[in-house]
Amino acid sequence: MFMSNNACLVPSSFWLTGIPGLQSLHIWLSIPFSSMYLVAIVGNVTILAVIKVERSLHQPMYFFLCMLAIIDLVLSTSTMPKLLAIFWFGAHNIDLDACLAQMFFIHCFATVESGIFLAMAFDRYVAICDPLRHTLVLTHAAVGRLGLAALFRGVLYIGPLPLMIRLRLPLYRTQIIAHSYCEHMAIVTLACGDTTVNNLYGMGIGFLVLILDSLAITASYVMIFRAVMGLATPEARLKTLGTCSSHICAILVFYIPIAVSSLTHRFGHHVPPHIHILLANFYLLIPPILNPVVYAVRTKQIRERLLYILKAGSQPK
């Protein structure tokens, strides 16, 4: 670390505070956070295993669900091990490159997850509005291309963020990041230089991902509901809507925590810092925990396969 003439630092590492204002409770906070992380790991690995074993689930919707499970594992693992290391061992220090890598993985895979939800909305639209062509349009190859497109978009959108910080913002007022992980704005606000470009780019990506994706998903469901309302009987309508219920729940689980966290960060200036940080952690933990639960409860094939495995495991040998 070097000190510049204007008292700004050129840091080689940063210091993550964990949960600001709750440092004395870190050891107790580690209990719910480690439990939630364990549930997320077990739940998503179970979903991947069940879909791999159950051939009847080798369909577009469940391939997309596998992609969601992998993304959720990456997102939770990008933050939770470091957070738990802070809680248990006081390992607050993080290398600059490791900090930027963590920031990239968090924002990139959140963007990829939004893209997968968009692809799933397209899958539901074709399945309901043009069912005869569903197997022709959503082939295994097409599903793979959609997943790769979501990944490429995430890398394309988020890749410039760490580069812009590295190249444009070498000087910082302090090494201390009042956060539990390396979030883009938490780093940018510490910089000594002009951060206008970084701020505008970050806001632009937020608009492209959250606003446009949510609008596109909403538009697809408007067309789906119009098609469903044209069905002859209420039973047929309920059955058709039932095929979308898991996807709708997963979308709400993903977008609502992000929206609440973003609005609180932007406009909740009187909200205590620890509330900001807890919300930021929850929006990375809630989807990985609830997505497997939603699909296990709402999907008959997954539910039946899990019950079969549990019964087989409980029988005496």
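Because only heavy atoms are used, hydrogens play no part in the values below, and waters and symmetry mates are left out as well, while side chains stay in.
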Assess whether side-chain contact (heavy atoms from CB on, under 4.5 Å) is satisfied between Val137 and Phe122, documenting all intermediate values.
-> CA-CA 10 Å; Val137 175; Phe122 175 69; 4.1 Å; yes
Residue list, ring pair (Phe, Tyr, Trp, His ring centres under 6.0 Å) with His179, at least two apart or on another chain = Tyr181
With a 4.5 Å heavy-atom cut-off, do Ile128 and Cys244 have their side chains touching?
-> yes
Are any of the side-chain heavy atoms of Tyr37 and Ile41 separated by less than 4.5 Å?
-> yes
Quick note, salt bridge (charged side-chain N to carboxylate O under 4.0 Å, His left out) partners involving residues 71-83, not counting sequence neighbours, are none
Do the side chains of Val50 and Val53 join up, straight or via other hydrophobic residues, at under 4.5 Å, putting them in one cluster?
-> no
Answer yes or no: is there a donor N or O on one side and an acceptor on the other, between the side chain of His26 and the main chain of Ile19, under 3.5 Å?
-> yes
Taking a hydrophobic cluster as the set of Ile, Leu, Val, Met, Phe, Trp and Tyr residues connected by side-chain heavy atoms closer than 4.5 Å, whether directly or through intermediates, do Val197 and Leu208 fall within one such cluster?
-> yes
Do you know which two heavy atoms are closest between Ile187 and Tyr172, and how far apart they sit?
-> O-CE2, 3.7 Å
Do side-chain atoms of Thr77 reach the backbone of Val74 as a donor and acceptor pair under 3.5 angstrom?
-> no
Side chain proximity check, Arg124 to Ser220, heavy atoms < 4.5 angstrom | no
What residue pairs, at least two apart or across chains, pass salt bridge (charged side-chain N to carboxylate O under 4.0 Å, His left out) with a residue in residues 13-31?
-> none
Do you know the tightest heavy-atom contact between Pro170 and Pro11?
-> O-CD, 3.8 Å
Pick out which of Asn198, Asp194, Thr195 makes a side-chain hydrogen bond (donor to acceptor under 3.5 Å, both in side chains) with Arg168.
-> Asn198
Exam field: side chain Glu54 to backbone Leu57, donor-acceptor pair closer than 3.5 Å | no
Do the side chain of Asn281 and the main chain of Ile277 share a donor and acceptor less than 3.5 angstrom apart?
-> yes
Looking at Asn199 and Met185, what are the two nearest heavy atoms and their distance?
-> OD1-CE, 3.0 Å
Taking Arg173 for its side chain and Cys8 for its backbone only, find out whether a donor-acceptor pair lies under 3.5 Å.
-> no
Going by the side chain to side chain donor-acceptor pair (under 3.5 Å) test, which pairs reach into residues 98-108, not counting sequence neighbours?
-> none
Side chain to side chain, Leu138 and Met61, heavy atoms closer than 4.5 Å = no
Reported OG-to-OH distance for the pair Ser245 and Tyr295, which is rounded to 0.5 angstrom | 9.0 Å
Going only through I, L, V, M, F, W and Y residues with side-chain contacts under 4.5 Å, is there a path from Leu83 to Ile27?
-> yes
Close side-chain approach of Leu171 and Val10, heavy atoms under 4.5 Å | yes
In terms of the angle between their ring planes, are Phe105 and Phe109 parallel, tilted or perpendicular, with boundaries placed at 30° and 60°?
-> parallel
Distance-minimising heavy-atom pair for Cys99 and Ile177 = SG-CD1, 4.1 Å
Counting distance only, does the side-chain N/O of His247 pair as donor-acceptor with the main-chain N or O of Phe117 below 3.5 Å?
-> yes
When rounded to the nearest 0.5 angstrom, what is the spacing between CD1 in Ile302 and OG in Ser56?
-> 9.5 Å
If a pair satisfies salt bridge (charged side-chain N to carboxylate O under 4.0 Å, His left out) and one of its residues is in residues 92-115, list it, with sequence neighbours excluded.
-> Asp97-Arg166
Can you hop from Ile31 to Met80 via hydrophobic side chains spaced under 4.5 Å?
-> yes
Contact check, side chains of Tyr255 and Ser114, non-hydrogen atoms, under 4.5 Å = yes
To the nearest 0.5 Å, what is the distance between CD1 (Ile47) and SG (Cys66)?
-> 8.5 Å
Side chains of residues 149-161: which donor-acceptor partners sit under 3.5 Å, not counting sequence neighbours?
{"from": "Arg153", "atom 1": "NH1", "to": "Asp213", "atom 2": "OD1", "distance (Å)": "3.0"}
{"from": "Arg153", "atom 1": "NH1", "to": "Asp213", "atom 2": "OD2", "distance (Å)": "3.2"}
{"from": "Arg153", "atom 1": "NH2", "to": "Thr111", "atom 2": "O", "distance (Å)": "3.3"}
{"from": "Arg153", "atom 1": "NH2", "to": "Asp213", "atom 2": "OD2", "distance (Å)": "2.7"}

Spacing of CG belonging to Leu210 relative to CD1 belonging to Ile258, to within rounding of 0.5 Å | 5.5 Å
Does any N or O in the side chain of Ser76 come within less than 3.5 Å of the main-chain N or O of Leu73, such that one atom is a donor and the other an acceptor?
-> yes
Identify the heavy atoms of Ser180 and Leu16 that sit nearest to each other, and give their distance.
-> O-CD1, 3.8 Å
Should Cys182 and Leu100 count as side-chain neighbours, where that means a heavy-atom distance under 4.5 Å?
-> no
Mark yes when over 12 heavy atoms from residues, nucleotides or ligands other than Phe87 sit less than 6.0 Å from its CZ; otherwise mark no.
-> yes
Here the gap from Gln23 atom CD to His92 atom NE2, rounded to the nearest 0.5 Å, amounts to 7.5 Å
Taking every non-hydrogen atom, the tightest pair across Phe64 and Ile116 | O-CG2, 3.8 Å
In terms of hydrophobic clusters joined by side-chain contacts under 4.5 Å, are Val228 and Val222 together?
-> no
Reported CD1-to-CG distance for the pair Ile51 and Leu65, which is rounded to 0.5 angstrom = 4.0 Å
Does the side chain of Ile176 come within less than 4.5 Å of Phe14's, by heavy atoms?
-> no
